[in-house]
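Keep in mind it's a predicted model, so treat the numbers as computed, not measured.
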Amino acid sequence: MERPLLLALALACAHCASSEDGANPDDPAEPPAKRMDAGGRDAARDASRGEARDADNVATRDAAPARDGGATVRGDASSPVDDGELIAEGFSNLAIKPGRAFDQGKGDVHPSAGFTPPMGWTWFNVEGAKCRDGSPFGVFVHWGEQPEKLFLYFEGGGACANPGFCRLNQDNVSEQFLTGGESAVASLFILPSPQAPNGAGVFDLQNPDNPFLGWNQVYVPYCTGDVYAGTRSDVSIEGVDTKQSFYGGTNSKLLIARVAATFGAELTRFVAGGSSAGGYGAGINFGYLQDTLPGALGSVILDASPPFTNDYVPTCLQKRWRETWGVDAHYPPDCGSECRNAEGGNLFGIVDYWRRKYPRGTVSLLSGVHDEIIRLFFSLGNEGCANYQLDPETLFIGSIGQTYDPEKFKQGLLQLRDKYVDTNRVSSYYMNGFPNATAHQVLFRPRFYEKAAGASAPSPAQFLKSFIDGTMSQVGP
């Protein structure tokens, strides 16, 4: 079938499933010489800013259950952010030695000739970090009016898993998907345009409803194809002519070293978030951030990045990703069977490891109940990974947009909610109805300020404001 016809068919069924410069002399992989105290903090620094941290811990508010148009909102009565140690004893110390701070008064030249960073943002190279094609890697930084708060956003953009998915995956910071990969059809087109904060959603620096208004922000482009967890070079992938190198895990450590040097002395609160592959990256790298920023209360936002159990992500698929990218080398050394089982599963078991290690850490998950992009990726595991080598166009069009079973995906989301709701440390926002059920990503889209989960539901922005303040709510079906 010719490509134009494929695209025409795809458009017809897009919603079929639902109505720095200079070398860094420090080794970021080496933990700091000063050990953390029993609570996981630098005791001297902690004593100097205890009052600031207490002021940032906002008590939760009760939210009465409400139902309208299929949307349910439930709030919990207690908060995990009130008191207690940030880091439990007896776990590996993942702290990264601070590197060189970003210079607020002097940024670097972006790899794309003539490109000017968006207003309010400064581009910095991250020395030693590389994209999948070997080109330079860097980040955008925004300094806010609240030096004690930091939001790190990890961009998404697919994953390099087979020839088709490697082709449709940015391998440098000067490429991005059409509409940011809003749908499966949009994900068939990569534009020669730099990834950058787009001024919408969490990147609207003037919107009073933005829960991150006034925060320092770091925008991390995605160009490694490995959900920010790769550690392998010169990897042969069946059907791909050239060997691939996955630098995501290494890049993340180099970045965290720079972030710690720039913001660490003042921080009492940080949130690591991301969309799609970026959400998984934020979740996987959370421990490196929390151990490196031991005096700051940390949280994670997973936007279109559900950490499903083995019941909903075939272990054969997890095993391939794990081995291709070298994920195990980036995972904590003491996360044993929780993160790895004999069949290659438990890839997302790191959520439970972080939950044990960080007694006050919280997680928020936002997703469409039938997100067609994540279902497309998970469909590579159908029938014991029989579809693993199929091109994404073939998968999507051949299944008339069904790919991974939509209702099974929804059940996976509900299982996550049921598994963690009693911990009062996980919140969820599930979108339903046309077009939000199948839509992909929330944080940087207009729907961030819309009632995307029903007429009675809060907007994602309102939901996340409550989450950051300590309320764990469950919104949507």
Side-chain angles (χ1 to χ4, degrees), residues 27-31 92 94 96 126 128-135 137 154-163 165-167 169-172 220-257 274 276-289 291 305 307 310 313-351 353-354 377-378 380-381 385 388-389:
D27 178 4
E30 177 187 349
S92 294
L94 303 175
I96 295 168
V126 177
K130 296 184 288 188
C131 292
R132 186 158 58 88
D133 66 357
S135 62
F137 172 80
F154 293 80
E155 185 60 273
C160 181
N162 69 21
F165 281 91
C166 288
R167 184 184 78 252
N169 169 236
Q170 309 105 304
D171 60 4
N172 62 71
V220 188
Y222 181 52
C223 62
T224 54
D226 56 9
V227 300
Y228 298 88
T231 63
R232 294 188 64 203
S233 298
D234 298 323
V235 179
S236 296
I237 296 180
E238 182 182 352
V240 178
D241 293 338
T242 58
K243 290 187 176 182
Q244 302 295 304
S245 292
F246 300 103
Y247 303 112
T250 305
N251 288 355
S252 295
K253 292 179 181 179
L254 290 165
L255 170 60
I256 292 169
S276 194
Y280 290 118
I284 289 171
N285 285 287
F286 175 73
Y288 289 101
L289 282 159
D291 284 5
S305 321
N310 299 337
V313 184
T315 54
C316 65
L317 183 57
Q318 298 181 53
K319 185 174 188 292
R320 287 178 183 251
W321 288 341
R322 182 193 296 277
E323 293 178 349
T324 298
W325 302 330
V327 174
D328 286 353
H330 190 60
Y331 269 23
D334 58 338
C335 187
S337 59
E338 218 163 21
C339 290
R340 313 164 180 84
N341 70 10
E343 292 76 34
N346 296 358
L347 185 65
F348 301 128
I350 196 169
V351 172
Y353 174 86
W354 294 147
F377 276 91
F378 287 175
L380 292 176
C385 288
Y388 190 79
Q389 285 298 109

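Residues meeting the ring-ring contact (aromatic ring centres under 6.0 Å, His included) test with Tyr331, sequence neighbours left out: none.
Considering only heavy atoms from C-beta on, Cys339 stays 4.5 Å or farther from Leu347 through its side chain. Val227 has its side chain out of reach of Phe154: every pair of non-hydrogen atoms, C-beta onward, lies at least 4.5 Å apart. A heavy-atom distance below 4.5 Å is not found between the side chains of Ile284 and Tyr228. By the 4.5 Å heavy-atom criterion applied to side chains, Asp133 and Cys223 are not counted as neighbours. Contact check for Ser252 versus Tyr288: no side-chain heavy atoms found under the 4.5 Å cut-off. For the pair Arg132 and Asn169, the minimum side-chain heavy-atom distance is below 4.5 Å. Under the 4.5 Å side-chain criterion, counting only non-hydrogen atoms from C-beta, His330 is in contact with Asn285. At a threshold of 4.5 Å between non-hydrogen side-chain atoms, the residues Phe246 and Thr324 count as touching.
The CG atom of Leu380 sits 9.5 Å away from the SG atom of Cys316 when rounded to the nearest 0.5 Å. Residue Thr224 holds its OG1 atom at 10.5 Å from OH of Tyr247, rounded to the nearest 0.5 Å. To the nearest 0.5 angstrom, Glu155 atom CD is 9.0 Å from Ser276 atom OG. We find the NZ-CD distance between Lys319 and Glu343 to be 10.0 Å, quoted to the nearest 0.5 Å. Between the OG atom of Ser233 and the CD atom of Gln244 there is a distance of 11.0 Å, given to the nearest 0.5 Å. Separation of atoms CZ (Arg320) and CD1 (Ile237) is listed at 11.5 Å; rounding is to 0.5 Å.
Between Pro332 and Arg340, the closest heavy-atom pair is O-NH2, 3.7 Å. Of all the heavy atoms in Asp334 and Ser92, the pair that sits closest is OD2-N, 2.9 Å. Scanning both residues, Cys385 and Leu317, for their nearest heavy atoms gives SG-N, 3.3 Å. Between Gly283 and Trp354, the closest heavy-atom pair is O-NE1, 2.8 Å. Annotation for Ser135 and Asn172: closest pair OG-CB, 3.3 Å, computed over non-hydrogen atoms. Closest non-hydrogen pair, Gly274 versus Ala282, comes out as N-CB, 4.1 Å.
Looking at Ser245, its side chain does come within 3.5 Å of a backbone N or O of Asp234 through a donor-acceptor pair. A distance-only check finds no donor-acceptor pair linking the side chain of Asp328 to the backbone of Glu323 [under 3.5 Å]. A donor-acceptor contact shorter than 3.5 Å is absent between the side chain of Trp321 and the backbone of Val327. Put simply, the side chain of Trp325 never gets that close to the backbone of Ala161: no donor and acceptor are under 3.5 Å apart. Side-chain atoms of Thr231 come within 3.5 Å of backbone N or O of Gly326 as a donor-acceptor pair. Of the possible polar contacts, one joining the Asn251 side chain to the Lys130 backbone as a donor-acceptor pair under 3.5 Å is found. Gln170 contributes no side-chain N or O that, together with a main-chain N or O of Pro221, makes up a donor-acceptor pair within less than 3.5 Å. Not a single donor-acceptor pair under 3.5 Å links the side chain of Gln318 to the backbone N or O of Asn310. Remark: the backbone N or O of Gly344 is paired with a side-chain donor or acceptor of Arg322 at under 3.5 angstrom.
Classification of the Tyr280-Phe348 ring pair by plane angle, with boundaries at 30° and 60°, yields parallel.
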